[in-house]
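The first residue of the sequence shown is numbered 1, and numbering continues consecutively from there. What you see is a predicted model; the values in this text were computed from it and never measured.
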Amino acid sequence: MKKIIFTSVAILLGVGLLAGCQKADKKSESGNKWPEKLTIVTMPDENNPEAGGKNEAFQKDMSKYLGIPVEVMEGGDYAVGIEAMKNKKLDVLLVSPMSYFQAKQRVEIDPLVTTSSNGAEAYKTVFVTRKDNDKINELKDLKGTNFAFVDPASSSGYMFPKYTLVKDLKLEPSKIEEPNYFFKTVAYSGKHDSSLMGVVKGDYEAAAVAGQVINMMSGAGLVDKDELKIIGETEEIPNPAYVMRSDLPDDLKKKIKEFYIQYEDEKYFETFYKDKSVRFVEAKDSDYETVKDMMKTLGIKGE
């Protein structure tokens, strides 16, 4: 799951989303008005980019449950989504673990739900090399190698593995990418599968990739995982979370959360998460404390 760097505000949510405030006519139990329409913005998933735009059944189901129209849109920039939420142009936003803290600094938000998968392996990044590479057996052996991250905007493909290297090997975070500081060279492959294929082909001596990618590519016959060697891994990486504006009526927020948690459409979860056993679970602020420490360690600011 999950794209992550904070860029300058740009047009991405569309003129319709950013124009005009939502009207309201339905009153909550406390007398507060509900929005005329609930607007939800998701973000592209780096592990499942084809899933975007397939929200019609979900929208209809949620609209029926809430009794108001629901529109699910796909954005492309967390900073723009957060700004739109601040200006009350959207109500629910899918945020990355890092942009969760950026959102908290700019908007009054409540954590809503994240995802969990029954029996699935924990979401971690692994450091991988070829099994026949006898020189690399643990993280410290990566010194002097040609190494690949995925993308500076990726949590699992860059930020969490960098955090692990800084913590475990006492490295200077601002120097890791410099040639011959720790690595001989650092490359950015652009995709997890490209990093893994680069290791297999010998383009990179080692790489940091999401652990699930190895099993997925092995299962598809693209790599032989018996030819690979994992020499280290990150802590578990929190999944992205949906957050909602704190100023929404309390009874509406309760019903929104109820809908997500009780949602059981296997086709939806198969489409968006490639696993029909995935379900929404309640998100808590404490789920993201590891991310907060990672940002502090790497000197990453929330804004």
With a 4.5 Å heavy-atom cut-off, do Val70 and Ile40 have their side chains touching?
yes
Do Asp193 and Lys191 sit within salt-bridge range, that is, some charged N less than 4.0 Å from a carboxylate O? no
For Leu90 and Gly81 the tightest heavy-atom approach is CD2-O, 3.6 Å
Tyr123 and Ser156 have their tightest heavy-atom pair at OH-OG, 2.9 Å
Between Asp275 and Ser277, the two heavy atoms sitting closest are OD1-OG, 2.7 Å
Dump the intermediate steps for salt bridge (Lys or Arg N to Asp or Glu O under 4.0 Å) on Arg245 and Asp247, then the final yes or no. CA-CA 5 Å; Arg245 290 195 289 114; Asp247 61 356; 2.5 Å; yes
**Item:** Worked check of side chain to side chain donor-acceptor pair (under 3.5 Å) between Ser195 and Ser189
**Value:** CA-CA 5 Å; Ser195 288; Ser189 71; 2.5 Å; yes
Notebook entry, point to check: For the residue pair Phe160 and Phe149, is the inter-centroid distance of their aromatic rings smaller than 6.0 Å?
Noted result: no
So do Tyr181 and Leu171 actually touch side chain to side chain, heavy atoms under 4.5 Å? yes
Quick test of your reading of the model: are Glu177 and Lys162 salt-bridged, counting only N-O distances below 4.0 Å? yes
Open item on the list: Within the supplied structure, the quantity of interest is the number of heavy atoms (other residues, nucleotides, ligands) at a distance under 6.0 Å from Glu258 CD; does it exceed 12?
Closed with: yes
query = Would a 4.5 Å heavy-atom cut-off, applied to side chains only, mark Ile214 and Ile230 as touching?
reply = yes
Are side-chain heavy atoms of Val126 and Thr234 found at a separation under 4.5 Å? no
Open item on the list: In the structure I gave you, are the side-chain heavy atoms of Leu252 and Pro35 within less than 4.5 Å of one another anywhere?
Closed with: yes
Mind telling me whether Phe147 and Phe183 have parallel, tilted or perpendicular rings, with 30° and 60° as the class edges?
parallel
Does a donor on one side chain and an acceptor on the other come within less than 3.5 Å for Tyr163 and Asp293? yes
Problem - Under-4.0 Å salt bridge between Lys253 and Asp110 - result: yes
With a 3.5 Å distance limit and no angle check, can you tell me whether Arg130 reaches the backbone of Leu228 through a side-chain donor-acceptor pair? no
Fill in: side-chain contact (heavy atoms from CB on, under 4.5 Å) assessment of Glu74 paired with Val41
CA-CA 5 Å; Glu74 183 176 303; Val41 171; over 6 Å; no
* May I have the step-by-step check of side-chain contact (heavy atoms from CB on, under 4.5 Å) for Lys104 and Ile109, ending in yes or no? => CA-CA 6 Å; Lys104 283 185 63 176; Ile109 58 170; 3.7 Å; yes
Inset, instruction - May I ask whether Leu165 and Val186 are part of the same hydrophobic cluster, defined by side-chain heavy atoms of I, L, V, M, F, W, Y residues being less than 4.5 angstrom apart, directly or through others? - result: yes
Nearest heavy-atom approach of Ser154 to His192 is OG-NE2, 4.0 Å
Test ring pair (Phe, Tyr, Trp, His ring centres under 6.0 Å), reference Tyr260, set Phe269, Tyr65, Phe280, output is Phe280
In terms of heavy-atom contacts, Glu205 and Thr129 come closest through O-OG1, 2.6 Å
Closest heavy-atom pair, Lys124 versus Glu235, reported as atoms and distance to 0.1 Å, is CG-O, 3.8 Å
Inset, instruction - Side-chain contact test, heavy atoms from C-beta onward, threshold under 4.5 Å: evaluate it for Tyr242 versus Thr42 and give yes or no. - result: yes
> Should Glu83 and Arg106 count as an ion pair when the cut-off is N to O under 4.0 Å?
Replying inline: yes
Exercise. Could you check if a side-chain atom of Ile261 sits within less than 4.5 angstrom of a side-chain atom of Glu282, using non-hydrogen atoms only?
Key: yes
Keeping Thr145 on the side-chain end and Leu142 on the backbone end, is there a donor-acceptor pair under 3.5 Å?
yes
- Considering only heavy atoms from C-beta outward, does the side chain of Val281 approach that of Thr114 to under 4.5 Å? yes
Between Asn133 and Lys229: side-chain donor-acceptor atoms closer than 3.5 Å = no
Q. Stepwise, does the side-chain contact (heavy atoms from CB on, under 4.5 Å) test hold for Val209 with Phe127?
A. CA-CA 7 Å; Val209 301; Phe127 296 86; over 6 Å; no
Val200 and Leu222: side-chain contact (heavy atoms from CB on, under 4.5 Å), yes or no, with the steps? CA-CA 10 Å; Val200 171; Leu222 299 174; over 6 Å; no
Report task. Dump the intermediate steps for side chain to side chain donor-acceptor pair (under 3.5 Å) on Tyr100 and Asp285, then the final yes or no. Result -> CA-CA 9 Å; Tyr100 176 83; Asp285 190 71; 2.7 Å; yes
